[in-house]
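Starting from 1, each residue takes its place in the sequence as its number. All ligand and atom numbering here is 1-based and tracks the order in the structure.
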Amino acid sequence: MQNKTITELAQGLRSGEFSSVELTSAFLGRIRQYSSLNAYITITEELALQQAKTADARLATGNAELLTGIPMAQKDIFCTEGVKTTCGSKMLDNFIAPYNATVVDKFNSAGAVMLGKLNMDEFAMGSSNETSYYGAVKNPWDVNTVPGGSSGGSAAAVAARLAVCATGTDTGGSIRQPAALCGITGLKPTYGRVSRYGMIAYASSLDQGGPMTRSAEDAAIMLQTMAGFDPKDSTSVDVPVPDYKSGLANSLEGLSIGLPKEFFGEGLNSDVAATLEAAINEYRKLGAKVTEISMPSLKLAIPAYYVIAPAECSANLSRFDGVRFGYRCENPADLTDLYTRSRGEAFGKEVKRRILMGTYALSAGYYDAYYIKAQKIRRLISEDFKKALSEVDVIMGPVTPSTAFGLGEKMDNPIEMYLSDIYTIAINLAGVPAMSVPAGFAKGLPVGLQIIGNYFAEAKLLNIAHQYQQVTDWHTYIPSHFE
Ligand code: GLN
């Protein structure tokens, strides 16, 4: 049952093969059985069973949606009314959200079942899920390796069949990178496509929520529910939402694919490169034309991001002051002591590092030298994407330089950790959509292929990923011990 896709489960629920309560109970059982993966921060068992019951009643009326009764889980960055919402931080360990994120409301109205809240890097800052206050998540393909981050709990849960699908968020790669390292399908939509209302902010001009699933078809179904204009989010874009499933079967004959030479140079592991080459060959067989392109500003993405994202985070995280939200230190001597100790005691090392970097970059003497310069680079990167995507339909490349690395391996070397997002970060700076699709294995660990498209080209990306999944079976592999 746990290996079925959303479409297959929706059929099973309609034919009476199983009920949502049965399905939900099975997933709750697996979550308990595999708790050592540490994928969940909170399990909402009672709520899930109640939602499953309601879903069964709705299914019986014949007025159900594809997601009705499907057990899924939310990254713990999305506010869930009445349910603890931690963002992976001690700061919010006692925070019960008083309202739902728009995305959560949308899944609720579709009748989806929420199994719980998924582990993540603290405030979504990280690439390995090791900065979480709740401890590292393990990669189900090899429990001595990281699942990627920051949506590491989401990726591990979907790969290990502890949820049918999950939400993630991506500021610099946090949907695509863990999807690649855990062998699942992940989509970062165009900036503004999915509402950020109630999604705890890291770097507001980059953050975007999206689906993490086992197949492109499942991602299409999830995105259908998530996407759309939201008046509560001022950066939400009022562009009509297409029917994502209807274009999945389109032929790829004549599709033009650009491979930026900057993506395939030094730094890319040779096993990963060989796997990607085979994947791109499949696209040739499907009728695509492949050309090499150049995007010279890609190499500036990491330094620009590590000025812009911390700058925005230093502003966003100023709201956690021990007064209004979350953690407050014991017996503060005065107001300054309250601020200093509450923040000092509740934020982890990486979050503090980002706040310091961001505050520095925004300070009067350095603003022009760092922040303004980074914004100029961001513009150059967007121009590179605009130009490339006027020459080819989509861009393809790696998601990560290597497969999953060992737990603890990069924790003492932040620069090396930052470099694990070298192929994903530019996409956020430009705001275009991109996917990670399972493309094979290197020494037993999953490799992801990245597909990048133009603004609002999610339907095209899903079509391209789906066609590949019709002729390959990489997305159907299950990590052993989790069958
Ligand atoms: N790893 C990147 C960072 O730490 C991206 C994180 C994300 O996309 N949320 O900032």
Within 45° cone and under 6.0 Å: K90 NZ/CZ vs Y327 ring:
yes

Honestly, is K410 close enough over F405, meaning NZ or CZ under 6.0 Å from the six-membered ring centre and within 45° of the axis?
yes

Ion pair present between [X] and [Y], side-chain N to carboxylate O less than 4.0 angstrom?
X: D93; Y: K84; value: yes
X: R379; Y: E383; value: yes
X: K443; Y: D271; value: yes

Go through the side-chain N and O atoms of S132 and D121 and say whether any donor and acceptor fall under 3.5 Å apart.
no

A side-chain contact here means heavy atoms from C-beta on lying under 4.5 Å apart; do M91 and F325 qualify?
no

Taking distance alone, with N or O pairs closer than 3.5 Å, would you say [X] contacts ligand 1?
X: G149; value: no
X: S127; value: yes
X: M125; value: no

What is the nearest protein non-hydrogen atom to atom 2 (C) of ligand 1, stated with its residue, atom name and distance?
D421 OD2, 3.1 Å

Of all the non-hydrogen atoms in the protein, which one sits nearest to atom 7 (C) of ligand 1, and at what distance?
S174 OG, 2.4 Å

Close-contact set for ligand 1 against [X] heavy atoms, below 4.0 Å:
X: Y305; result: 2 (C), 3 (C), 5 (C), 6 (C), 10 (O)
X: A124; result: 6 (C), 7 (C), 9 (N)
X: G172; result: 5 (C), 7 (C), 8 (O)
X: Y202; result: 3 (C), 9 (N), 10 (O)

Decide whether the shortest distance between a heavy atom of Y418 and an atom of ligand 1 is less than 4.0 Å.
no

So, does A309 sit close enough to ligand 1 that a heavy atom of it is under 4.0 Å from the ligand?
no

Shortest heavy-atom approach to atom 4 (O) of ligand 1 - which of R354, R176, K188:
R354

Measure up the F123 and F347 rings against each other and bin them: parallel (under 30°), tilted (30 to 60°), perpendicular (over 60°).
perpendicular

Once the angle between the rings of F263 and Y423 is folded into 0 to 90°, is it parallel (under 30°), tilted (30 to 60°) or perpendicular (over 60°)?
perpendicular

What part of S150, side chain, backbone, both or neither, has a heavy atom within less than 4.0 angstrom of ligand 1?
side chain

Counting only heavy atoms, which portion of Y306 has something under 4.0 Å from ligand 1: side chain, backbone, both, or neither?
side chain

